[in-house]
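Below is one structure, written out as structure tokens; comments come after it.
Positions are given from 1 along the sequence. All values below were derived from every heavy atom in this structure, side-chain atoms included, with hydrogens, water molecules and symmetry-related copies excluded. Both counts, for ligands and for their atoms, begin at 1 and track the order of listing.
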Amino acid sequence: MDNSVTIHTKEERARGILSALAAEYPAAQCELEYDNPFHLLVAVILSAQCTDKRVNEVTKELFRVYDTPEDFANADIENLQRLIFSCGFYRNKSASIISASRDIVGRFGGRVPDNFDDLLSLKGVGRKTANVVMSVAFGGNNIAVDTHVFRVSHRLGFSGGKTPLDVEKDLMTALAPEDWSLAHHLLIFHGRYCCKSQRPQCGECKVAAFCTNSAAKL
Ligand code: SF4
């Protein structure tokens, strides 16, 4: 078997998918509203299992009440729960936000760390959140795997991985590092606006030719 041909084909395929998605979604970017890395961190924690639109509505009011890591570190948890209630999972999310804020104040002088390992070391911050903050706030080459990235990566044959970490590793292998952040946004946009979970709009899909989802071929 000629491995060089296989690798070349995979690279061509990945490039073809990304360029088609980039043409389709030229404005693909983070849709969470924030004005500093800490606000982005809070917004990303809130966005789990919630739409960015809802998070933006909530944070508009939330950041008027609590602004800095110090504010959140000292927040009354019941008041915080009330303010973020509509984002869902409000108990876990409020605990995560307060824990991360206390860590930021106690260990990082009140500033969100700008490297992945320190971000991941914050209590309440998982791999997806750390990757989004690194990529969006600090311009790092990172791929965050959320539910859209996970689903679309499977359908487009980038990964058969069972966990977000498996998919993250497969995407990092398939794509050039300088494309990781953009790919993250493009896959989210495609999942959000076309390759939806229940009813993917395959007839409108600009990357249907690359799709491995058998249901899309019916
Ligand atoms: S053809 Fe359908 S299932 Fe495949 S990537 Fe496009 S929208 Fe998703």
Side-chain angles (χ1 to χ4, degrees), residues 1-33 43-44 46-56 87-89 126-136 139-218:
M1 181 176 160
D2 185 346
N3 283 332
S4 65
V5 171
T6 304
I7 291 166
H8 176 73
T9 302
K10 280 184 178 171
E11 287 174 347
E12 288 284 312
R13 192 172 178 284
R15 211 171 299 131
I17 291 171
L18 283 197
S19 65
L21 291 179
E24 179 69 358
Y25 310 110
Q29 60 181 355
C30 179
E31 294 189 299
L32 294 169
E33 291 169 2
V44 177
L46 291 175
S47 71
Q49 310 283 319
C50 182
T51 65
D52 288 358
K53 185 166 179 278
R54 171 58 57 87
V55 172
N56 290 337
C87 291
F89 301 97
R127 198 170 178 90
K128 188 199 84 172
T129 299
N131 271 320
V132 173
V133 172
M134 274 308 300
S135 164
V136 175
N141 291 328
N142 294 75
I143 296 182
V145 177
D146 69 356
T147 182
H148 297 302
V149 175
F150 189 89
R151 180 179 70 257
V152 176
S153 293
H154 278 79
R155 288 177 176 171
L156 287 175
F158 279 124
S159 178
K162 290 188 169 36
T163 68
L165 180 57
D166 292 337
V167 174
E168 183 184 327
K169 286 179 179 169
D170 287 341
L171 285 169
M172 290 167 79
T173 301
L175 303 170
E178 62 269 25
D179 290 334
W180 291 350
S181 287
L182 178 62
H184 158 72
H185 294 304
L186 292 173
L187 293 173
I188 287 178
F189 265 56
H190 192 53
R192 195 174 278 164
Y193 299 113
C194 182
C195 189
K196 299 176 183 184
S197 172
Q198 298 303 321
R199 291 172 189 240
Q201 297 168 355
C202 305
E204 315 289 320
C205 180
K206 299 294 190 270
V207 288
F210 300 100
C211 186
T212 62
N213 182 27
S214 56
K217 312 289 185 196
L218 298 175

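- Atoms of ligand 1 found under 4.0 Å from any heavy atom of Arg155 (numbered from 1 in listed order, with element): 3 (S).
- Looking only at distances, a side-chain donor or acceptor of Thr212 sits under 3.5 Å from a matching main-chain atom of Arg155.
- Around CD of Gln201, the count of heavy atoms belonging to other residues, nucleotides or ligands within 6.0 Å exceeds 12.
- Each of the atoms 3 (S) of ligand 1 lies under 4.0 Å from some heavy atom of Asn213.
- With sequence neighbours left out, the side chain to side chain contact (heavy atoms under 4.5 Å, CB included) criterion links Ala176 to Glu178, Asp179.
- Atom 8 (Fe) of ligand 1 has no N, O or S atom of Cys211 inside 2.8 Å of it.
- Short contacts between ligand 1 and Cys195, defined as distances under 4.0 Å to a heavy atom of the residue, involve ligand atoms 3 (S), 5 (S), 7 (S), 8 (Fe).
- Between the side chain of Asn142 and the backbone N or O of His184 there is no donor-acceptor pair closer than 3.5 Å.
- Sequence neighbours left out, the pairs with a member in residues 164-177 that pass salt bridge (charged side-chain N to carboxylate O under 4.0 Å, His left out) are Arg127-Glu168.
- Residue His190: no N/O/S atom is found under 2.8 Å from atom 6 (Fe) of ligand 1.
- Near Ala208, the atoms of ligand 1 lying under 4.0 angstrom from a non-hydrogen atom of the residue are 1 (S).
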